[in-house]
Amino acid sequence: MDWGFITVTLLDGLARGLYYFLVSAGLTLIFSMMGVLNFAHASFFMLGGYFAYIIAQEWGLTFWIALPAVPLIVGAIGMVVERFGLRHVHKFGHVAELIFTFGLAFLLQEFVKLVFGQDTKPYAVPEVLQGTLFTVGDQPFGSYRAFMILVSISIFIGLYLLLTRTRVGMIIQAALTHPNTVSNLGHNVPLIFMAVFGVGTALAALAGVIALPTDALQPGSAARLGPIIFVIIVVGGLGSLNGALVASMIIGILTTMFDASQLSVFSVMEAVANMLGIEWSLLERPTYELRRLMIGDLIMMSTKQVGALFPYLLMVLILIFRPQGLLGKRES
Amino acid sequence: MALLNVNDLNAYYGKSHILQGVNMTIDEGEIISLLGRNGVGRSTTCKSIMGEVPPKGSITFRGKEIAGLAPHQIAQSGIGYVPENRDVFPGLTVKQNLNLGVKPGQGASRWSEEDFFELFPNLRERQDVDAAALSGGEQQMLTMARTLMGDPDVVMIDEPTEGLSPQMCQRVADLLEEIARRKIAILLVEQKLTIAMKISTRVYVMGHGQIVYEGTPDELMSNDEIRQEWLEV
């Protein structure tokens, strides 16, 4: 066992899981509020990346200006979308809302293509954070990943304290489940919903600011992240923040492990057999037969290739065996 | 001038015409019972006044038109509503639930937490418990207390004794009397005649989306015809 590799991969996975949570936390809050999935949510993540690229690189105002400014800008855009778009569409029911968010996702994608083009923008990690923070064994752990973890965790602590320790947070919690009752007590629920939508999109944008330098900033960024985020909130349980956190960590860490490992499915099977004390020679014949079949190619693939299936497989299994998700409440 | 004046109120659920010209008035400090069988539109009357169901017609509160305002604006003008579903906020404690009844920017209130803890010692004992863990009777007390924390001048209370034990019904009646003592007007929607008759100053009987009778409790008790036609099952 290479402990250095395992530790660093776990930390990298933590960084990825936390930024998944930044996006999925907003999506699951917005789901509680609207009762439908917001398909455009990942588009705000992508917008976050583009705005940060403009501010930090094109205007040369540095990453440190973009970090606080972009969530504010995109959050404001989110509030405008809620106030002048979704709130009107809401009257026509859930199907109309769903289609509206679908349309918005495509609109934003085409808009970004029109303005920035198809190519990947060189949005990079700021210089101070390039390089290695520490090494475990011979495995380096990047400063930037540590920064991502730090930013995400601070945001969650803030969000958690806001939701559970302040009166505003409690009004939000109550309004998500009982909007009519909260209105009847004299609280402006439409305003609360607009703010929640704004905060949700701001969190997605923040995730875009911090995560896209480690990935690729392009019009496809939203479409690449979107499905993973849906998987996360379904696996965690729709509307459950804790569920979104747990599912983000599971998927963040496991997909990072699959990506990082140099193993093939075949070698994993061999290792598992060894661990269980099964004589490999006994399996040689069956695996040889398998390889001759259609799925033969599968076992020769790398875990990185097969790992891409994992989140979706997990979602399908969860829907079959625990349809309310890991921490979700069953709909009555 | 009446505190609350409802004039030719109509309301629809989709295509069905639920309220067909409801007229009623409530004066300062009055206790009005709105009686009638299930499905005649008593709850819809409350929901329309509150703006939860869009009202057609005129509703004035202290002389100001409130029909067409949003529910939170109507609540802020001084109307309280305790719906029949006992919606306590799960995940929040009893104390936090009470706190959410206080309106944004609200000044001094006629009610404090302590008032309700004295009336219902159970709530005091369980003030830090998740409100979802309370019994049905305790939840009813909590939702009534939560609305009163917002210091309304008139409070509409829908079926507060439904499904409660006789002992709990008595507690509800005690609170209603306390509300009346503080000169807060009540619109009580009830099935059980006993409580309604005992505390009301005036009663309205509803049938088919309209007010079919108005009088004092004594007048209603001596009018067998109205009771048989519109109230008794």
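Please read these numbers as outputs of a predicted model, since none were measured by experiment. Chain letters run A, B, ... following the sequence lines, proteins first and then strands; every chain starts at 1.
To the nearest 0.5 Å, atoms CG (B:Asn99) and CG (A:Leu185) are separated by 11.0 Å. Note that the OG1 atom of A:Thr181 and the CG atom of B:Asn85 stand 6.0 Å from one another [nearest 0.5 Å]. Between the NE2 atom of A:His178 and the CG atom of B:Leu92 there is a distance of 10.0 Å, given to the nearest 0.5 Å. Taking CG from A:Leu191 and NE2 from B:His72, the interatomic distance works out to 8.0 Å, rounded to the nearest 0.5 Å.
For a residue to count as touching a neighbouring chain, one of its non-hydrogen atoms must lie under 4.5 Å from one of that chain's; by this rule B:Val102 touches chain A with backbone and side chain alike.
Considering every non-hydrogen atom in both A:Gly186 and B:Pro104, the closest pair reads O-CD, 3.5 Å. Smallest separation of non-hydrogen atoms from B:Ala75 and A:Ser183: CB-O, 4.0 Å. Here the shortest heavy-atom pairing between A:His187 and B:Leu100 reads NE2-O, 2.7 Å.
Residues of residues 120-148 of chain B that come within less than 4.5 angstrom of chain A, heavy atom to heavy atom, are B:Arg146, B:Thr147 in numerical order.
In B:His17, the NE2 atom is crowded: over 12 heavy atoms of neighbouring residues, nucleotides or ligands sit closer than 6.0 Å. The local environment of OH in A:Tyr312 is crowded, with over 12 non-hydrogen atoms from other residues, nucleotides or ligands closer than 6.0 Å.
Looking at A:Met170 and B:Gln96, their side chains come closer than 4.5 Å, going by heavy atoms from C-beta outward. Looking only at side-chain heavy atoms (C-beta outward), B:Phe89 and A:Val182 come within less than 4.5 Å of each other.
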